[in-house]
Amino acid sequence: MLIANVSPRTMAKTTDTAWLSHALEEDEEQYDVLGYDADHSKQFHNWSKKAKGDFRFPVHLQASAQFHKEVVPPTGKTIAMVDCGHSENHPHITDSVLRIADLVILHMSPTGADWERIVEPPDATPFMDILKRSAPLRATRRMPPTWVLLNRTVANASSTGYYREEMTKEGYDVFTTVIPRSEMFGQSLGFPIMDARKTAFGSLVTEMKKRGLLPVEKREEQAEQ
């Protein structure tokens, strides 16, 4: 499957993508990850190079408006994680990625600035409209399943619940798992990622599996005697 990690602007998307990728690699389901950097900043790709052997999966440069023609979504338990360029700056890349995405994760902080960038941008397209315009170009003729991931959250802050409700009103599904504001995450760019499964990203993988958003190996249940 192919997971598109998106945001209209800088919203910790690359950091989330890298940590979630490692949590998937470390999960008991033993997912295989392929990384694609579809952002001209090349941060995801450069991070993988700086961390050297500590990135257990390759990250390919793929900032192209022909992404949908150049990349084939993997099958089975291999997951392509795409760090997509900012939709405000690179709409053609976003449109191309959305044409073949199996799942979209929309990254945002629970702030008025990020909410406005997604829902009511002053000089750009609301992200829901971007999703809708992808539908006719997709094999299913439907928008890709899209979930909002709230990040940089502050413990016990009312803003998390408020913007969860606001995004739900806008028609989005929102993960229960949130990514807290943390120096460990915020300062990790370029450094090795260790034990991602033990963080909130591991909890996110668990939630994604429970919601049927990830391939899961069917295990035979032992009949009770």
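Side chains included, hydrogens not; waters and symmetry mates left out as well; all remaining heavy atoms used. In this text the structure is predicted, and so the values were computed from the model without any measurement.
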Going by an N to O cut-off under 4.0 Å, is there a salt bridge joining E116 and R9? no
Hydrophobic clusters here meaning ILVMFWY residues chained together by side-chain heavy-atom distances under 4.5 Å, can you tell me if F44 and I3 are in one? yes
In short, side chain to side chain donor-acceptor pair (under 3.5 Å) pairs touching residues 145-157 with sequence neighbours left out are D16-N151, S109-N151
By side chain to side chain contact (heavy atoms under 4.5 Å, CB included), S96 pairs with (sequence neighbours left out) F67, H68
- Task: Please determine, by modelled atom types, if D37 and H60 share a side-chain donor-acceptor pair under 3.5 angstrom.
- Result: no
Q | Ion pair check, E207 and R211, cut-off under 4.0 Å | A | yes
message = With a 4.0 Å cut-off on N to O distance, would you call R56 and E26 a salt bridge?
response = yes
- Identify whether V59 and I79 are in the same connected component of the hydrophobic contact network (ILVMFWY, side-chain heavy atoms under 4.5 Å). yes
| message | Within the supplied structure, the quantity of interest is the number of heavy atoms (other residues, nucleotides, ligands) at a distance under 6.0 Å from K42 NZ; does it exceed 12? | response | no
| Going by an N to O cut-off under 4.0 Å, is there a salt bridge joining K13 and D83? | yes
inquiry  = Would you call the rings of F55 and W47 parallel, tilted or perpendicular, taking 30° and 60° as the class edges?
reply    = tilted
With sequence neighbours left out, the residues meeting side chain to side chain contact (heavy atoms under 4.5 Å, CB included) with T199 are W19, M184, F185, F201
